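Report on the structure given below.
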Amino acid sequence: MRVGIGYDVHAFTEGRPLVIGGVDIPHEMGLIGHSDADVLTHALTDAILSAMRAGDLGAHFPDTDPAYAGARSIELLEHAARLMRDSGWRLVDADTVLVLERPRMSSYRDVMRATLAEALGVDVEAVGVKATTTEGLGFAGREEGVAAYAVVLIERATG
Ligand code: MG
């Protein structure tokens, strides 16, 4: 078995859609990035690649490559999950934490879990999503951006 950890941050800006965990979330600001800047999906993808010791998101999907401009990050996660399976690994479990002040994530958590689980090809019970604020402290507290942490456990697939 292997564990992997992923961490990502994206800054808020006006005039961009907010996409977190593959879900479009109504908000007055979105996140800046080359792709859709889906901070949670990026952290989770990095955790999987890290568990495989296969580099990171930037190596697989360079932000200098126009092919990934505006990319839907959930598709990059699907790609990483396929790479994992093709390399003989199986995802046992994944858990994530979003760090942001607003908007509140509670009503989106279940659809994020379902969306991420579908991209990963695993049961929804194998994917955790939760969110926390930082009590107004730091960049997340000042609503300058969003951070996300992800951990995964993978094992060698048998047969
Ligand atoms: Mg990112």
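Every number for a ligand or one of its atoms is a count from 1 in the order of the listing. The model shown is predicted, which means the values in this text are computed figures rather than measured ones.
- Of all heavy-atom pairs between Leu100 and Ala131, the closest is CD2-CB, 4.3 Å.
- Aromatic ring orientation, Phe12 versus His27: tilted (interplanar angle from 30° to 60°).
- If you look at the Mg ion (ligand 1), the protein N, O or S atoms less than 2.8 Å from it are Asp8 OD2, His10 NE2, His42 ND1.
- Without hydrogens or angle criteria, Asp56 side chain to Asp46 main chain gives no donor-acceptor distance under 3.5 Å.
- There is a side-chain donor-acceptor pair under 3.5 Å between His10 and His42.
- The pair Arg72-Asp38 fails the salt-bridge criterion, with no side-chain N (NZ, NE, NH1 or NH2) lying under 4.0 Å from an Asp/Glu carboxylate O.
- Through chains of ILVMFWY side-chain contacts below 4.5 Å, Met1 is grouped with Val3, Val92, Leu153.
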